[in-house]
There are 2 protein chains.
Amino acid sequence: MGELINVAQERLRAQGGRMTIQRRLLFSILDSLGEHPTAEELLLLARKQDPDLNLSTVYRTLRWLEAESLVSSRVFAEERRQERFDAALPSEHHHFMCTNCKDVIEFDTDLFGAIKGQFQELSGAKVETGSIVLYGLCSKCRQTKNGNNLNLETE
Amino acid sequence: MGELINVAQERLRAQGGRMTIQRRLLFSILDSLGEHPTAEELLLLARKQDPDLNLSTVYRTLRWLEAESLVSSRVFAEERRQERFDAALPSEHHHFMCTNCKDVIEFDTDLFGAIKGQFQELSGAKVETGSIVLYGLCSKCRQTKNGNNLNLETE
DNA sequence: AAACTTATTGCGAATCATTTGCAATAATTA
DNA sequence: TAATTATTGCAAATGATTCGCAATAAGTTT
């Protein structure tokens, strides 16, 4: 989409940060990627273009983006120890993860507002954010029912 | 409620497992506790009655309960990203976490089925499970501080 | 364009949450 | 009561993420 790179660059400049080649690379991958990579998957992807890129840099960049609300992260069930990241720019969206191929699909729903409203009324709380995660078999795996994973192997 | 202990004991017996004092203790705490403790918090609670209880035992017990679908776990957006566990017996329910006091409130909604349906139709996937997590200020914190904690005072 | 300032990097070691191997212990059964 | 073996506690291992620090490079000033 090209959105993230520009916004990030602006924010960087605004706070005296520097647009390094590592950051530019990571921004652009996150921006164009339709997936929800872990830090390590992102590293692997980025290393195709910058083989010396370090995992620490990936994490530092992701955390900065997260603090700027340009990236969001979540831990899916069954992957209790790893976060998955995605560009948060098309603001509020929810996720489905296929329990077979682990693919993540984003979706939106008009019913989320109603759920927030329901809960607020019931509890007296003020809901700021939230998200829905669904699990099941994606249409592909439903048909084939054999596990082919995310293709991140080099070339 | 006393539900979990009985069900767990039955399952244990059915698979040649043993009802140890550690397990009985953990079952009963989980059963009566209205909270969503981390493994470590659960250990601390349990040690009041069995000071030698070990963290490994807590994890092993929780994992067994999870495998039996008697406990469920999730990772909330917190600084320490550890799993929080709760007795899963009142089957499908969702969670709200107060960003100020970190309290977790369970809730249910009739709209969740509709959301699953929406997504299934849209994507061709078969949704098996899922959950909603909301974040915000609980009614108590709303009154007393209205979000004057560290960084999250957007409204 | 060279010199300068300091944010950022890569690296290795540290930390945090969770898991595992194993010898000792204790719950069940005979 | 003894025999069998599931379970425990401990310590060490693992996997994900973070941190300290010296070297490097982005942006600025001359």
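Chain A is the first sequence line, chain B the second, and so forth, proteins listed ahead of strands; every chain is numbered from 1.
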### Task
Return yes if a side-chain donor-acceptor contact under 3.5 Å exists between B:Asn54 and B:Gln22, otherwise no.
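Looking only at side-chain atoms, B:Gln22 and B:Asn54 do not form any donor-acceptor pair under 3.5 Å.
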### Query
Between B:Ser73 and B:Glu66, do the side chains contain an N or O donor and an N or O acceptor separated by less than 3.5 Å?
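Their side chains do contain a donor-acceptor pair, which is all the 3.5 Å distance test asks for.
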### Query
Any Lys/Arg nitrogen of A:Glu10 or A:Arg13 sitting under 4.0 Å from an Asp/Glu carboxylate oxygen of the other?
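No.
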For [X] and [N], is the shortest distance between a side-chain N/O and OP1 or OP2 below 4.0 Å?
X: B:Gln22; N: C:dA26; value: no
X: B:Gln15; N: D:dA6; value: no
X: B:Ser56; N: D:dG9; value: no

How many Å lie between [atom1] on [X] and [atom2] on [N], as a whole number?
X: B:Arg47; N: D:dC10; atom1: CZ; atom2: P; answer: 8 Å
X: A:Leu26; N: C:dT8; atom1: CG; atom2: P; answer: 14 Å
X: B:Leu62; N: D:dT8; atom1: CG; atom2: P; answer: 12 Å
X: A:Trp64; N: C:dT8; atom1: CH2; atom2: P; answer: 9 Å
X: A:Ile21; N: D:dA26; atom1: CD1; atom2: P; answer: 7 Å
X: B:Arg13; N: C:dT29; atom1: CZ; atom2: P; answer: 7 Å
X: A:Glu79; N: D:dT14; atom1: CD; atom2: P; answer: 21 Å
X: B:Leu43; N: D:dC10; atom1: CG; atom2: P; answer: 11 Å

### Check against side chain to side chain contact (heavy atoms under 4.5 Å, CB included), B:Arg74 and B:Ser131
CA-CA 10 Å; B:Arg74 54 186 68 358; B:Ser131 74; 4.1 Å; yes
### Message
Can you list everything that forms a side chain to side chain donor-acceptor pair (under 3.5 Å) with B:Glu41? Sequence neighbours excluded, please.
### Response
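Testing B:Glu41 for side chain to side chain donor-acceptor pair (under 3.5 Å), a comparison that skips the adjacent residues, returns B:Arg84.
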### Message
So if I take every side-chain heavy atom of A:Asn54 and compare against C:dT18, C:dC11, D:dT8, which nucleotide ends up nearest?
### Response
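Looking only at heavy atoms from C-beta outward on A:Asn54, the closest nucleotide is C:dC11.
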#### Entry: Listed nucleotide nearest any side-chain atom of B:Arg23, set C:dT8, C:dG10, D:dT8
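Looking only at side-chain atoms, B:Arg23 lies closest to D:dT8.
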If you look at every strand shown and take non-hydrogen atoms under 4.0 Å, does [X] touch a base, only sugar-phosphate, or nothing?
X: B:Leu55; result: base
X: A:Arg60; result: base
X: B:Thr20; result: sugar-phosphate

### Query
For the residue pair A:His94 and A:Phe107, does the interplanar ring angle fall in the parallel (under 30°), tilted (30 to 60°) or perpendicular (over 60°) class?
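Tilted, since the angle between the ring planes falls between 30° and 60°.
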### Residue met sooner reading DNA chain C from 5', once A:Leu12 and B:Arg18 are mapped to nucleotides
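Per heavy-atom nearest nucleotide, the more 5' residue is A:Leu12.
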Please list each protein N or O that sits under 3.5 Å from an N or O in nucleotides 15-17 of chain C, with the distance.
unit_1	atom_1	unit_2	atom_2	d
C:dA17	OP1	B:Arg80	NE	2.3
C:dA17	OP1	B:Arg80	NH2	2.7
C:dA17	OP1	B:Gln82	OE1	3.4
C:dA17	OP2	B:Arg80	NH2	2.7

